[in-house]
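As the structure is a prediction and not an experimental result, all values here were calculated from the model. Sequential numbering from 1 along the given sequence is applied to the chain's residues.
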Amino acid sequence: MRRKHASRLWPLLLVCVIAAALQQRQAPQAAANGSTADSAAVHAASGSGRSGSDAPCAPLADRPERILRHGRYIVSYNAQTACPNYVGWWLTAAQTSGHVSRDGADFLPDPLLGPAEQITTDDYRGSGFDRGHMCPAADNRYDGRAMTECFYMSNICPQDHALNAGAWATLENACRRWAVQEDSVLIVCGPMFAAEAPVIGRRHRVSVPRGFFKCVLSLRAGAEKAIGFVYANTAERQSMEHAARTVDEVERLTGIDFFAHLPDELEQRIEASCSLKAWH
């Protein structure tokens, strides 16, 4: 965890004011039917504004990074691995339910990337890996556009099927439960790579992660907390209790500074502790 300057306090204050106002105006049915208010809330609360430096994590200087902003989530994209460095999004209680089905949704090249960088589903064909969502489809059932955007290939990583359908899905379900419990949570997740990662792909070289991380933040007044998780990208059984980490630990493993706009005192306090019991 790196120290932040005190001048970073003002974005958090602005975030809280905007997010609170939007949440008061946004009824659950409106969240299910429209994406305009949701897009504004996500961009304000996650810090995904006009500058890459206001992303939910500090800028990455040790690897390629291009910030891609979609209505539902923000991607820190790495052209070298052809995977995200991370994907971040807010999940509110209202967004955990909806009637938009993933059936018929197509995995699509990200339109914000140039043709030479656009990973396609063909790059995964015959690889033996799932096209694993970072921002999951089940978090986007409230809105058709959100469901479409979560199938952009910039939100996808090669993921072991047993992990994707097992422990990772269990964690995704827990995050939706926590969003209801906490009213909203900020989620940041992504891949972790070995020094020399294996690759898949036909037209492009897509690096295969050795594991995945996920960090979850709640800013519920008086009960602020955060927790991290690390999973191996293998078929082995992995419990949530075994995967749980402090956010500080995940920062050390990934080299990413999460929740970069929090005041120093709050960040240091919540990122240093890890209690699954506090989330249940």
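Atom CZ of Arg63 sits in a crowded spot, with more than 12 heavy atoms from other residues, nucleotides or ligands closer than 6.0 Å. Heavy atoms from other residues, nucleotides or ligands lying under 6.0 Å from CD of Gln80 number 12 at most. In this structure, His280 places its NE2 atom where more than 12 heavy-atom neighbours from other residues, nucleotides or ligands lie under 6.0 Å away.
A salt bridge links Glu265 to Arg269: at least one charged side-chain nitrogen sits closer than 4.0 Å to a carboxylate oxygen. Remark: Arg203 does not engage Asp122 in a salt bridge, criterion side-chain N to carboxylate O under 4.0 Å.
Each of Tyr231, Trp168, Phe258, Phe229 was evaluated against Phe213; a single residue qualifies, Phe258, per the ring pair (Phe, Tyr, Trp, His ring centres under 6.0 Å) test. Paired with Ile256 under the rule side chain to side chain contact (heavy atoms under 4.5 Å, CB included), one option of Val250, Leu60, Val188 passes, and it is Leu60.
The shortest distance between side-chain heavy atoms of Asp139 and Gln95 does not fall below 4.5 Å. Inter-residue side-chain proximity for Val208 and Ile200 is flagged as met; some heavy-atom pair is nearer than 4.5 Å. The side-chain heavy atoms of Ile270 and Val247, taken from C-beta on, include no pair separated by under 4.5 Å. With contacts defined as side-chain heavy-atom distances shorter than 4.5 Å, the pair Val87/Tyr73 qualifies. You'll find the side chain of Asp257 reaches within 4.5 Å of the side chain of Glu251, heavy atoms only. Contact annotation: the side chain of Thr170 approaches that of Met240 to within less than 4.5 Å [non-hydrogen atoms, C-beta and beyond]. Looking only at side-chain heavy atoms (C-beta outward), Glu65 and Tyr86 come within less than 4.5 Å of each other. You'll find the side chain of Leu219 reaches within 4.5 Å of the side chain of Leu266, heavy atoms only.
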Under the side-chain contact (heavy atoms from CB on, under 4.5 Å) criterion, do Gln238 and Thr234 qualify, and how do the steps go?
CA-CA 9 Å; Gln238 302 174 74; Thr234 66; 4.1 Å; yes

Please evaluate residues Gln159 and Cys157 with respect to the criterion side-chain contact (heavy atoms from CB on, under 4.5 Å), reporting the C-alpha separation (whole Å), side-chain torsions for both, the decisive distance (0.1 Å), and the verdict.
CA-CA 6 Å; Gln159 195 165 48; Cys157 293; 5.6 Å; no

Stepwise ring pair (Phe, Tyr, Trp, His ring centres under 6.0 Å) check, His133 with Tyr152:
CA-CA 9 Å; His133 286 77; Tyr152 289 158; over 10 Å; no

Please assess Arg220 against Asp183 for the test side-chain contact (heavy atoms from CB on, under 4.5 Å), listing each intermediate value before the final yes or no.
CA-CA 8 Å; Arg220 183 160 56 93; Asp183 197 45; 5.7 Å; no

Between Thr148 and Asn140, is the side-chain contact (heavy atoms from CB on, under 4.5 Å) condition met? List the steps.
CA-CA 9 Å; Thr148 296; Asn140 295 281; over 6 Å; no

Go through the steps to decide whether Asp160 and Asn233 satisfy the test side chain to side chain donor-acceptor pair (under 3.5 Å), and finish with yes or no.
CA-CA 6 Å; Asp160 183 274; Asn233 191 20; over 6 Å; no

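Minimum interatomic distance between Cys135 and Cys150 (heavy atoms only, all atoms of both residues): O-CB, 3.8 Å. Contact detail for Ser154 and Val75: the closest heavy-atom pair is O-CG1, 3.8 Å. Here the closest heavy-atom approach between residue Ala260 and residue Cys57 is recorded as CB-C, 3.8 Å. The two residues Ile156 and Tyr124 come nearest to each other via the heavy atoms O-OH, 3.5 Å. The two residues Met134 and Cys189 come nearest to each other via the heavy atoms O-SG, 3.5 Å. Contact between Ala79 and Glu117 at its shortest, heavy atoms only, is CB-OE2, 3.4 Å.
Residue Leu217 holds its CG atom at 8.5 Å from CD of Glu271, rounded to the nearest 0.5 Å. One finds the OG atom of Ser275 at 7.0 Å from the CD1 atom of Ile227 (value rounded to the nearest 0.5 Å). Atoms CG and CG, on Asp110 and Asn155 in that order, are 9.0 Å from each other to the nearest 0.5 Å. Taking NE2 from His261 and CZ from Phe259, the interatomic distance works out to 12.0 Å, rounded to the nearest 0.5 Å. Interatomic distance, CE of Met153 versus SG of Cys83, reported as 9.0 Å (0.5 Å rounding). With values rounded to the nearest 0.5 angstrom, Arg252 atom CZ is found 11.0 Å from Arg245 atom CZ.
Stacking of Arg66 on the aromatic ring of Tyr77 is not recorded, the 6.0 Å distance cut-off and the 45° axial limit not both being met.
Under the 3.5 Å distance criterion, with hydrogens and angles disregarded, no donor-acceptor pair is assigned to the side chains of Arg141 and Ser97.
Residues satisfying the side-chain contact (heavy atoms from CB on, under 4.5 Å) test with Ala272, not counting sequence neighbours, are Asp248. With sequence neighbours excluded, the residues that form a side-chain contact (heavy atoms from CB on, under 4.5 Å) with His161 are Asp130, Ala165.
Side chain of Glu182 to main chain of Ala179: no donor-acceptor pair is present (N/O by atom type, distance under 3.5 Å, no hydrogens or angles). Checking side-chain atoms of Arg72 against main-chain N and O of Trp90 turns up a donor-acceptor pair under 3.5 Å. A donor-acceptor distance shorter than 3.5 angstrom exists from the side chain of Trp178 to the backbone of Trp279, with no hydrogens or angles considered. With Asp143 contributing its side chain and Arg145 its backbone, the two residues share a donor-acceptor pair below 3.5 Å. With hydrogens and angles disregarded, no donor-acceptor distance shorter than 3.5 Å links the side chain of Glu149 to the backbone of Ala146. A donor-acceptor pair is defined here as one N or O able to donate and one able to accept, closer than 3.5 Å; no such pair exists between the side chain of Asp123 and the backbone of Val206. Distance alone, capped at 3.5 Å, places no donor-acceptor pair between the Glu172 side chain and the Ala138 backbone.
One hydrophobic cluster holds both Ile119 and Phe129 under the rule that ILVMFWY side chains link at heavy-atom gaps under 4.5 Å. The cluster map of Ile, Leu, Val, Met, Phe, Trp and Tyr, joined by side-chain heavy atoms under 4.5 Å apart, puts Val185 and Val180 in different clusters. Met147 and Leu108 fall within the same hydrophobic cluster, where Ile, Leu, Val, Met, Phe, Trp and Tyr residues are linked whenever their side-chain heavy atoms come under 4.5 Å apart, directly or through other members.
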